[in-house]
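To keep things clear, I will list the structure first and then write my remarks on it.
Below, chains carry the letters A, B, ... as their sequence lines are ordered, and counting in each starts from 1. Keep in mind it's a predicted model, so treat the numbers as computed, not measured.
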2 protein chains.
Amino acid sequence: MRDVAARAGVSAMTVSRVLKDERVSATTRERVLAAVRELGYRRNEVARTLRLGRPSGMIGLVVTNLGNPFYSRLALGAESVAEEYGLRLVLGNTASQVQRERELVEDLISRRVDGVIVVPAGAAHPHLSPATLGGTPVVFASQPPSEIEADAVLVDDFGGAREATAQVLSEGHRSVGFLGNPPGLFTAAERFRGYWAAHEEAGLTPHEEWVRRGPHDISTAEAAAMELLDGEDAPTALFCSNNRITLGAYRAVWRLGASTALAGFDDFEMADMLQVPVTVVSYDAEEVGRRAARLLLDRIEQGPDASAGSARRTVVPTSVVRYGA
Amino acid sequence: MRDVAARAGVSAMTVSRVLKDERVSATTRERVLAAVRELGYRRNEVARTLRLGRPSGMIGLVVTNLGNPFYSRLALGAESVAEEYGLRLVLGNTASQVQRERELVEDLISRRVDGVIVVPAGAAHPHLSPATLGGTPVVFASQPPSEIEADAVLVDDFGGAREATAQVLSEGHRSVGFLGNPPGLFTAAERFRGYWAAHEEAGLTPHEEWVRRGPHDISTAEAAAMELLDGEDAPTALFCSNNRITLGAYRAVWRLGASTALAGFDDFEMADMLQVPVTVVSYDAEEVGRRAARLLLDRIEQGPDASAGSARRTVVPTSVVRYGA
DNA sequence: CTGTTAGCGCATTCAT
DNA sequence: ATGAATGCGCTAACAG
């Protein structure tokens with residue numbers, strides 16, 4: 001900036017003013033801008049941030065697995081909102097390791113991000129308490145905060161699972177199995193609860209032997225489905241707790257040439273072109289990101305007295321789509 | 001830091017040293033760390049960056065569409081390498097708008113990122129020339145730089161397309177259509193070139209009427225495929241320039257109940273469970289991100305005299321996989 | 001081993 | 001309308 005000032009024959013202060021669009025005489029402004037151009041000068045945002053004592057104009061996004069389309073769409077949604085406000089997104093991938101999450105958040109705070117959106121990796125997150133964060137607002141996405149007060153954007157896991165299961169039951173199926181993640185995760189537990197509730201509402205009780213709560217990816221789901229569908233007393237339909245599981249289940253159905261109906265959380269491409277009827281719980285992953293970003297921006301604008309309104313929670317709706325014969 | 005120093009009864013300098021793990025007497029260190037803990041103090045990385053005169057320890061990643069799994073995987077790969085080096089990733093989505101790309105890069109430079117990885121949105125990018133970037137290294141991913149010298153990580157678009165097409169031809173198909181993006185993009189042009197080369201090497205020439213270079217998403221590809229496959233003289237196979245196109249083509253095949261063989265760039269889930277033989281060009285999108293990050297880190301470590309070695313270019317290999325009957 | 005001085009690049013405040 | 005002094009939080013360089 002000194003160089004620019006020297007070249008334009010003014011003080012650094014004037015350059016600063018020009019760059020901030022403050023009142024400066026037209027001729028001076030021209031000279032300064034010319035010097036800026038000639039020198040290829042760009043204001044140092046780091047110094048500016050320090051001087052202004054403001055946060056850095058970046059928001060942190062910490063997810064468990066960017067490779068999962070759900071989270072990359074969430075990121076896209078958050079980015080689009082951040083972009084509207086001229087904020088940059090700093091990305092962190094935890095690979096579901098709480099330790100990584102702790103370090104990442106720590107680092108983001110040190111970098112003075114304006115706020116953080118987190119898809120928590122574990123059930124406990126003392127490192128995300130307002131105290132530890134020292135005033136930096138945080139919004140939870142997908143999984144709710146436990147033991148601490150913070151805003152959150154969730155998906156209607158329970159309602160979606162219940163509705164999809166009810167749909168399958170309404171088509172006459174009386175033996176609907178469950179394939180899904182271990183219940184440690186909030187979403188997994190909620191989806192199982194929805195599956196169960198739909199049964200209860202229909203006056204039924206799922207058979208425990210049709211429930212598999214171990215699978216967590218395509219291949220383990222496929223194996224579990226093979227086991228479930230191979231026996232004598234196989235269920236005629238399966239509810240799957242997410243799209244990885246549904247895909248695994250379909251692999252088994254396909255290999256066995258079975259006609260098992262499938263229902264599952266998360267929509268996926270080609271769901272309408274399979275050999276068996278498929279019912280999916282669809283929702284807008286980008287919307288989760290957008291809402292999280294909006295909640296966060298709202299807190300940011302409230303300023304340091306952010307604890308003003310107590311924790312808000314919003315639930316992104318789901319819709320059930322029935323594909324196939 | 002002053003507060004911590006006061007509380008520990010030392011100078012700020014000593015606190016700084018403790019936090020940097022420099023030689024400090026054990027007892028003093030303990031007192032300082034205690035004060036840090038009690039006050040919940042965290043070093044201000046913004047001030048630190050400014051003082052050290054170093055870049056910010058962040059690398060920028062600018063992509064055209066984060067919603068596309070290819071780019072989110074690329075991001076994941078880049079993040080994993082950055083993470084090893086303790087660098088953060090700042091994300092920008094251009095939605096393929098050159099204007100956005102320009103602004104984003106500008107902003108990232110102002111924030112003093114260590115370097116930038118860009119998937120360019122357009123054919124021209126004067127805003128990415130070393131001059132404009134003022135010493136910040138840049139690496140191109142997916143599309144090569146035009147008119148400027150810079151490192152790049154590409155995919156073997158030509159080779160993959162040629163090999164997949166050759167595979168289809170070797171199975172006896174003599175009328176292989178082409179469905180794909182407009183040739184404005186480097187990748188699209190290269191893939192078409194591969195399709196063409198495979199024909200030439202087999203002593204054949206593709207019929208122009210079987211070539212559709214307009215489609216750019218699933219539905220336009222589906223429409224084009226419907227048109228192509230509906231006529232009398234329909235091709236018996238189609239080469240599709242990416243997975244969106246392949247999916248659209250399969251939709252048409254499925255609706256028509258046709259038995260057209262498909263080949264396409266990009267692997268996709270369920271490709272092995274379709275009703276027609278499918279040949280895909282598979283490659284590791286994460287690897288593109290990893291290599292881009294490594295090239296970038298290499299330049300960063302070289303320091304300001306980064307123009308030392310001239311532009312390097314690396315090509316991620318592809319492999320052809322044949323699914324189905 | 002620890003403290004003092006000075007300055008990274010910028011903008012607020014007060015002068016002119 | 002412009003400039004000079006001052007300090008944001010931190011650390012290199014130099015004392016002691």
Original post:
What residue pairs, at least two apart or across chains, pass salt bridge (charged side-chain N to carboxylate O under 4.0 Å, His left out) with a residue in residues 75-87 of chain B?
Top reply: A/R100-B/E79, A/R100-B/E83
Original post:
For the pair made of CG in A/L19 and C1' in C/dT12, what is the distance, rounded to whole Å?
Top reply: 16 Å
**OP:** Report yes if at least one side-chain N or O of A/K20 is closer than 4.0 Å to OP1 or OP2 of C/dT12; otherwise report no.
**Re:** yes
**OP:** Not counting sequence neighbours, which residues clear salt bridge (Lys or Arg N to Asp or Glu O under 4.0 Å) with A/E45? List them please.
**Re:** A/R43, A/R48
Subject >> Partner residues of A/R51 under the salt bridge (Lys or Arg N to Asp or Glu O under 4.0 Å) criterion, sequence neighbours left out >> reply: none
**OP:** Could I get the full list of ring pair (Phe, Tyr, Trp, His ring centres under 6.0 Å) partners for B/F70, not counting sequence neighbours?
**Re:** B/Y283
**OP:** Taking salt bridge (Lys or Arg N to Asp or Glu O under 4.0 Å) as the test, write out the residues that go with B/E38, two or more places apart.
**Re:** B/R7
Original post:
Does a side-chain heavy-atom distance below 4.5 Å link B/S96 with B/N65?
Top reply: no
Original post:
What is the 5' to 3' range of DNA chain D, first to last nucleotide, that sits under 4.0 Å from any heavy atom of chain A?
Top reply: D/dA1 to D/dG9
Subject >> Base-contact (B) and sugar-phosphate-only (S) positions in nucleotides 2-9 of chain C, heavy-atom cut-off under 4.0 Å, - elsewhere >> reply: BBB-BBBB
Subject >> Under the side-chain hydrogen bond (donor to acceptor under 3.5 Å, both in side chains) test, residues paired with B/E301 that sit two or more places apart >> reply: none
Review item, side-chain donor-acceptor pairs of residues 125-134 of chain B, under 3.5 Å, at least two apart:
residue	atom	partner	partner atom	Å
B/H125	NE2	B/S146	N	3.0
B/H127	NE2	B/E101	OE2	2.8
B/S129	OG	B/P126	O	3.2
B/S129	OG	B/T132	N	3.4
B/S129	OG	B/T132	OG1	2.6
B/T132	OG1	B/P126	O	3.1
B/T132	OG1	B/S129	O	3.4

